[in-house]
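Data block below; observations after.
We name chains A, B, ... by the order of the sequence lines, and we start the count at 1 in each one.
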Amino acid sequence: MSCGSVARPRFPDMESQYHHKTVESAAQTHWSEIDAYRSIENDPRFPKGKYYACSMLPYPSGKLHMGHVRNYTINDMLVRYKRMQGYNVLMPMGWDAFGLPAENAAMKAKVAPAAWTYKNIEVMKAQCQALGLAFDWSRELATCDPAYYKWNQWFFLKMLENGLAYRKTQIVNWDPIDQTVLANEQVIDGRGWRSGALVEKREIPGYYLNITKYAEELLDATLHKLPGWSERLRLIQENWIGKSEGVRFAFPHDIKDADGKLVQDGKMYVFTTRADTIMGVTFVAVAPEHPLAIRAGQLNPALAPKIDALKLGGTTEAELALKEKEGVATGLFVTHPLTGEKIEVWVGNYVLITYGDGAVMGVPGHDERDFAFAKKYSLPIKQVVALGTHAFSTDAWQEWYGNKGDGVAVNSGKYDGLKFKDCVDAVAADLAAKGLGEKKTTFRLRDWGISRQRYWGTPIPVIHCHDCGVVPVPEKDLPVVLPEHHIPDGSGSPLKHDAAFINCACPKCGKPARRETDTMDTFVDSAWYYMRYASANAETMVDARNDYWMPMDQYIGGIEHAVLHLLYARFWTKAMRDMGLLNFDEPFKRMTNHGMLLNHIFYTPGSHGAKNYVPPTDVKLTHDEKGHINGGTLDDGTPVLYGGIGKMGKSERNGVDPQDLIDKYGADTARLYVMFVGGPEDAAVWSDTAVEGAMRFLRRVWTYCADRSADIASAGAVDAATLTAEQKATRFELHSALKQSNFDYDRQQYNTVVSASMKMLNALEAVKPGACPALAREGASILLRTLAPVTPHITFKLWSDLGFEKTDGALLDTKWPQPDAAALIQDELKLVLQINGKTRGEIVVPSSADKAAIEAAAAASSEVAKFGEGRAPKKIIVVPGRLVNVVV
RNA sequence: GCCGGGGUGGCGGAAUUGGUAGACGCAGCGGAUUCAAAAUCCGCCGCUAGUGAUAGUGUGCGGGUUCGAGUCCCGCCCUCGGCACCA
């Protein structure tokens with residue numbers, strides 16, 4: 001096809017202007033009519049195999065927020081791209097429908113959590129559809145549906161049978177006025193968030209899942225089997241699991257309790273990773289709650305309040321880092337297991353009863369905390385490790401004192417000269433020989449307590465019988481259905497007063513019994529929902545379809561779930577594997593943590609330093625002399641103060657409602673904007689004007705296509721031989737941008753995919769209507785396919801209006817474009833010319849020029865003559881296709 | 001305090017991983033079109049000096065390696081996350 005310059009009439013079916021509402025509703029109606037996003041196992045249309053991509057399921061809080069839009073659009077782009085490449089994709093959606101917010105909302109609005117939740121789901125589902133997300137809704141689930149949580153209960157009973165679930169007492173926050181258990185975040189400054197009552201610690205029985213059984217496997221997989229997870233995420237999990245290898249051993253003693261029995265059988269156990277420093281022990285320290293501390297308080301009543309005082313202060317690390325090391329001497333002594341020396345027992349505020357045995361050996365010479373403690377109370381400090389020629393002094397702590405890799409033992413008798421590992425082995429062997437200790441591995445990870453004294457959750461399927469004790473509900477009676485009509489009033493779970501729910505017959509003996517009223521942690525719901533999508537509506541928990549789709553190829557969600565949800569899901573998978581329900585080890589091959597969306601914060605000052613937050617949309621901005629936002633005014637002229645940039649949220653009223661965006665600009669603009677604003681994993685700051693820019697771009701895409709619709713509909717393939725030099729340059733830019741875009745699609749850097757598509761359009765607009773129909777057609781074809789995953793509606797409409805559907809099939813499943821290698825070859829190359837590493841200009845050479853020719857051209861250039869100050873080139877470096885550097 | 005990201009124009013960000021720093025977009029400025037405005041189109045746009053060609057300078061700060069450093073190395077500063085005084 002030749003490229004003339006005959007003006008052609010507009011193709012009659014094309015609208016000349018972009019109307020997002022009609023375009024989007026037409027596209028969505030079409031997709032829904034053909035059930036475009038239903039995924040079927042082993043679908044023969046997709047030869048490349050399955051690709052399962054999933055976003056963390058949302059809590060149905062009312063409506064979508066921008067974070068959801070971003071999360072789902074990333075996922076949507078991915079599956080649309082994969083589908084066009086020939087993969088059988090699955091992108092399902094569901095609702096994390098149980099949980100505390102529904103109870104709180106119910107109290108406020110006097111509606112049952114069930115009704116509130118189902119209504120929210122309806123709204124949010126409609127919003128997802130308005131965004132054009134390619135969800136397979138046939139697999140939708142809500143975790144509050146008995147058909148779903150039945151399998152929570154079923155698997156819980158399996159775990160109970162296997163000993164993976166067990167019952168023990170747990171310490172909870174108890175609000176004595178509301179008569180209810182509080183979550184940690186409901187305790188503010190030690191008081192209940194609603195009642196203001198001082199919160200008590202209560203021990204009540206609850207169920208635990210034995211995740212620590214899998215600690216070693218979880219850690220090993222974290223370190224070696226999750227290459228698709230970020231380093232950062234793996235490290236967070238590694239720290240959380242918290243493996244430490246050391247020696248657990250006892251200091252013998254003859255301290256007796258009030259009944260005359262030896263406290264802890266006369267052995268005070270400690271755990272240490274530094275057994276090599278055992279000869280440097282000058283004291284031992286126990287936690288204030290330790291039996292020896294309690295005994296010391298009994299023996300010397302004057303000490304008791306001082307010991308109690310050591311319990312004060314926060315337990316978070318930030319607080320602890322600032323806290324001064326303090327302690328109390330007990331006057332009690334234990335015996336050093338190797339030297340037989342008497343060692344005094346101190347109570348220290350830096351020893352935690354919850355870790356290890358609640359006691360530590362004090363080696364002030366080689367532990368920074370012990371050093372600070374010893375200095376404060378003038379306890380002896382003894383060097384037992386030497387490092388090179390470093391001089392040891394008790395005046396101040398030095399970094400190398402804590403070094404355990406390079407030092408050798410000194411002042412340690414028979415251990416002198418041993419390096420860390422050998423020394424630990426020798427000490428451990430001697431302690432073992434005396435029956436006082438052994439090597440041990442401890443984990444920070446604790447078992448997972450799943451009992452909640454809450455109404456809106458999965459009922460724990462057990463029955464309490466006066467005669468038979470705790471009896472599991474028989475499998476045939478599952479699910480234990482949660483009554484949905486209650487409206488909580490804040491005074492504890494309504495289930496406790498629901499006779500119809502509570503009263504039942506003991507499955508064992510048939511006598512009247514009481515049903516358990518505790519429900520499960522909602523992390524149970526989210527531990528395996530992604531597998532239920534894969535085997536939607538199965539008659540069993542999961543079926544063979546799960547083995548087709550899982551493990552998941554790509555999981556996307558916020559970093560706030562880096563620990564709990566992801567760890568529980570991994571544990572749950574391994575537990576299911578060990579019960580023969582599936583045959584893989586890890587659920588998520590690749591994990592992406594999308595960044596937060598931020599926005600500016602504005603407020604007017606209230607009384608007592610309170611801040612009355614103002615939505616940014618109400619503010620007319622003011623800027624300082626450097627152009628930075630420094631405040632603004634309201635419509636009535638009231639000045640507002642600038643509160644910086646923060647996460648979008650209700651509390652600071654700086655959220656953006658996606659619905660407003662969809663209504664005003666359309667889903668495609670909203671999608672394009674959230675993809676363009678930054679990389680998927682980066683935090684992004686909201687900008688209203690940038691949204692307008694996204695809209696502008698789509699209008700230009702439409703105009704480009706509309707103005708050339710007749711060209712595009714009638715043209716054939718490009719014949720490179722007939723192109724003008726200018727058209728060749730345009731085609732070079734088009735295919736270069738395509739090459740970049742494909743590269744960025746593969747590495748999931750979607751912001752530069754958008755900019756590549758903008759570059760394409762910028763280049764293509766140079767081809768005026770009628771000037772070269774073939775190039776206009778090729779350009780539209782590449783541009784529309786590149787943009788299809790980002791803005792599916794407008795591209796769908798243009799693709800079919802321009803007639804591409806007839807030649808290349810539906811856009812959803814058409815072939816992904818590849819750059820034409822011939823178009824990327826230029827006749828001449830511009831090379832950057834550097835002299836002594838400084839850029840001084842450029843030289844133009846034929847693209848066929850070899851190294852010698854380039855060197856000659858560079859040496860002959862006027863720039864070398866000018867900047868070389870007459871010296872002859874010493875060395876010329878040629879970087880093919882990029883630059884040439886002349887050293888003189 | 002420890003560990004891990006990250007500091008690039010007025011702003012969001014790019015630089016295919018050692019090869020023209022600032023792509024692409026937003027904002028701004030100048031112009032065209034318009035009775036006018038919106039929309040649209042064209043041009044300029046790191047900083048300093050200069051009317052200008054141009055020169056110098058520039059990726060948090062200070063050093064280093066290299067023909068060449070935003071990118072690699074050493075030492076700081078700031079910032080955002082994660083956390084366990086974990087013995």
Cation over ring face, A:Arg446 and A:Trp240, 6.0 Å, 45°: no
Earlier contact from the 5' end, RNA chain B, for A:Asp367 and A:Val563: A:Val563
Atom-pair distance (CG on A:Leu598; C1' on B:G81), nearest Å: 12 Å
Rounded distance (Å) that lies between atom P of B:G81 and atom CD of A:Glu231: 21 Å
Sugar-phosphate or base contact per nucleotide [nucleotides 55-60 of chain B; S, B, -; heavy atom under 4.0 Å]: SSS---
RNA chain B stem ranges, 3 or more consecutive Watson-Crick or G-U pairs under 3.5 angstrom: B:1-7 with B:77-83, B:10-12 with B:24-26, B:28-32 with B:40-44, B:46-49 with B:54-57, B:60-64 with B:72-76
Syn/anti state of B:U17 by chi, 90° boundary around 0: syn
Pairs where residues 275-291 of chain A contributes a residue and the test side-chain hydrogen bond (donor to acceptor under 3.5 Å, both in side chains) is met, not counting sequence neighbours: A:Arg274-A:Asp276
Rounded distance in Å - NZ (A:Lys875) to C1' (B:G19): 14 Å
Partner residues of A:Lys243 under the salt bridge (charged side-chain N to carboxylate O under 4.0 Å, His left out) criterion, sequence neighbours left out: A:Glu216
Donor/acceptor link under 3.5 angstrom from A:Gln834 side chain onto base of B:G19: yes
Interatomic distance at P, B:U20 relative to B:G30, whole Å: 34 Å
Glycosidic conformation of B:G9, taking syn as within 90° of 0 and anti otherwise: syn
Polar pair under 3.5 Å, donor/acceptor by atom type, side chain A:Lys325, base B:C85: yes
Phosphate contact (B:U40 OP1 or OP2) by A:Arg699 side-chain N/O below 4.0 Å: yes
Nucleotides 22-27 of chain B: protein proximity per nucleotide (B base, S sugar-phosphate only, - neither; heavy atom, under 4.0 Å): -BBSSS
P spacing across the pair B:C47 / B:A23, given as an integer number of angstrom: 13 Å
Residues A:Gln749 and A:Thr752: side-chain donor-acceptor under 3.5 angstrom: yes
Atom C1', compared across B:U71 and B:C3: separation rounded to whole Å: 24 Å
For A:Phe251, ring-ring contact (aromatic ring centres under 6.0 Å, His included) partners two or more places apart: A:Phe249
